[in-house]
Amino acid sequence: MQIITVSPEASASGAFRCIQDAIDSIPTSNQEPVRIELAPGVYREKLTLEKSFVTLTGMGEAPSDTIITYDDFGNDTMPDGTRRGTFRSYTLFVHAADVTLRNLTVENASGDSDTHGQAIALYAECDRFFADSCRLLGHQDTLFTGPLPPKELQPNGFLGPTQFAPRVNGRQYYRNCYICGDVDFIFGSATAYFEHCTLESLRRSKVNDDALPAVSDAELLSPEGYVTAASTPEGQEYGYVFADCEFTSPDCPPASVYLGRPWRDYAKTVLIGCALGSHIHPAGFHDWNKTHARASIFYAEYKSHPQVSYDTRAEFVHMLGATDAAHFSRENVLSGTDNWTPWENGV
């Protein structure tokens, strides 16, 4: 295995100072494992990783010791006068198979969604992608699990690096990760399995709060946010699966956040043995006012805890038994025909 070192300290012997320079040093047609070891520090870079078999590893004791950060955002204006939009706002763009992120933080530091709009930290459109013990920080649209849906709903809605590219609908595995945000902060079309992850909902700072009459948390008329917005393609077996994860919030009011809503009409999101905080709305999921999609979306839970009062769940949410839940095992969701098992070999 080739090892490349990166350090923000220019004096580090033999090390690149910028992560992008280290990535660019790898041959485009690379077929051998390469590990890029990142010394602890803050790397302010907007990164593109389109080389296969690459692992980015933070060398600190914790993911918070190694931070990749940038602050582009959807409401920003580009030099040509156009709105940047969602898909040009990323901090890290991954578009190659067999990429691993380990023990590091990827951050979009632009700010709150009400002032900055969509702002992606990690844009991952690839197969056999593995994020192990990472932090993904942002507000709206923190993690995009590509690909894009087949068609945009508004002109130029998909402006970005894969707007015209063939859709790469791969498998993504997130283990022991912390992911935070407020609105749709995990979204996209991939088959993605989240295991032992913490999903933290942040409270939005309303732009016009000062002009509104004071209300109590219980009187809030609109939800604080949505954790997921899947766009699972029609006919795809799996969308998002969360296994033994924790959905938490430091300051969102009770019953103010939904587990998900459908970005497209065949969205699939399943929770297996997850812990749900009091911020989760009793209905669980929202249909995004797409009543026509209730027959095609698939939202389901198995053994959520503390004990959920299932009679309050939305009528389109399925409550799984043990046999049905077994269909959503890690092996079934991720292994595929090539027997991809990153949890066994540590790659």
Side-chain angles (χ1 to χ4, degrees), residues 143 145 149 169 171-175 179 181 183-199 201 223-249 252 254-336:
L143 168 62
T145 64
N169 204 315
R171 294 155 292 171
Q172 303 184 14
Y173 178 38
Y174 298 83
R175 181 177 68 184
I179 308 170
V183 177
D184 304 337
F185 62 92
I186 301 173
F187 74 115
S189 303
T191 294
Y193 194 90
F194 301 81
E195 185 174 31
H196 299 301
C197 292
T198 297
L199 301 314
S201 293
E224 283 296 311
Y226 307 84
V227 178
T228 67
S231 54
T232 315
E234 182 178 4
Q236 183 169 298
E237 184 70 17
Y238 301 104
Y240 292 154
V241 179
F242 295 86
D244 300 311
C245 293
E246 181 181 8
F247 292 75
T248 187
S249 178
C252 287
S256 66
V257 174
Y258 288 90
L259 293 166
R261 59 179 179 174
W263 186 23
R264 290 296 188 268
D265 290 352
Y266 293 88
K268 293 182 178 181
T269 302
V270 176
L271 274 62
I272 307 293
C274 292
L276 308 182
S278 62
H279 65 299
I280 298 300
H281 194 282
F285 293 85
H286 195 283
D287 65 5
W288 211 336
N289 300 323
K290 301 176 182 179
T291 55
H292 67 277
R294 291 186 176 187
S296 55
I297 58 180
F298 187 80
Y299 291 141
E301 296 176 67
Y302 175 69
K303 288 191 174 181
S304 296
H305 56 91
Q307 185 64 44
V308 173
S309 178
Y310 290 128
D311 58 355
T312 67
R313 284 297 194 250
E315 62 182 21
F316 50 85
V317 178
H318 301 268
M319 296 300 129
L320 303 179
T323 300
D324 291 330
H327 178 67
F328 298 95
S329 70
R330 181 180 58 188
E331 290 75 10
N332 285 345
V333 175
L334 295 177
S335 291

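All values below were derived from every heavy atom in this structure, side-chain atoms included, with hydrogens, water molecules and symmetry-related copies excluded.
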Does the pair Thr269 and Phe242 meet the rule for a side chain to side chain contact (heavy atoms under 4.5 Å, CB included), with working shown? CA-CA 8 Å; Thr269 302; Phe242 295 86; 3.9 Å; yes
If we ignore hydrogens and angles and just use 3.5 Å, is the side chain of [X] paired with the main-chain N or O of [Y] as donor and acceptor?
X	Y	value
Ser249	Ser201	yes
Gln236	Asn169	no
Tyr240	Gly188	yes
Arg313	Pro282	yes
Ser231	Pro149	no
Asn332	Ala326	yes
Thr228	Leu259	yes
His286	Trp288	yes
Arg294	Phe316	no
Lys290	Trp263	yes

Report the residues that fulfil salt bridge (charged side-chain N to carboxylate O under 4.0 Å, His left out) with Asp265, sequence neighbours left out, ordered by chain and then residue number. none
Return the [atom1] to [atom2] distance between [X] and [Y], rounded to the nearest 0.5 Å.
X	Y	atom1	atom2	answer
Leu143	Asp184	CG	CG	12.0 Å
Phe187	Arg264	CZ	CZ	11.0 Å
Leu276	Ser304	CG	OG	4.5 Å

Tell me the closest heavy-atom pair linking [X] and [Y], and the distance in Å.
X	Y	result
His327	Tyr238	O-OH, 2.8 Å
Tyr299	Gly260	OH-C, 4.2 Å
Glu301	Val317	OE2-CG1, 3.9 Å
Gly239	Thr232	CA-OG1, 3.7 Å
Leu199	Cys245	CD2-CB, 3.8 Å

For the residue pair Phe298 and Phe328, does the interplanar ring angle fall in the parallel (under 30°), tilted (30 to 60°) or perpendicular (over 60°) class? parallel
Are Tyr174 and Gln172 close enough, and set up right, to give a side-chain hydrogen bond (donor to acceptor under 3.5 Å, both in side chains), and what steps lead you there? CA-CA 7 Å; Tyr174 298 83; Gln172 303 184 14; 2.6 Å; yes
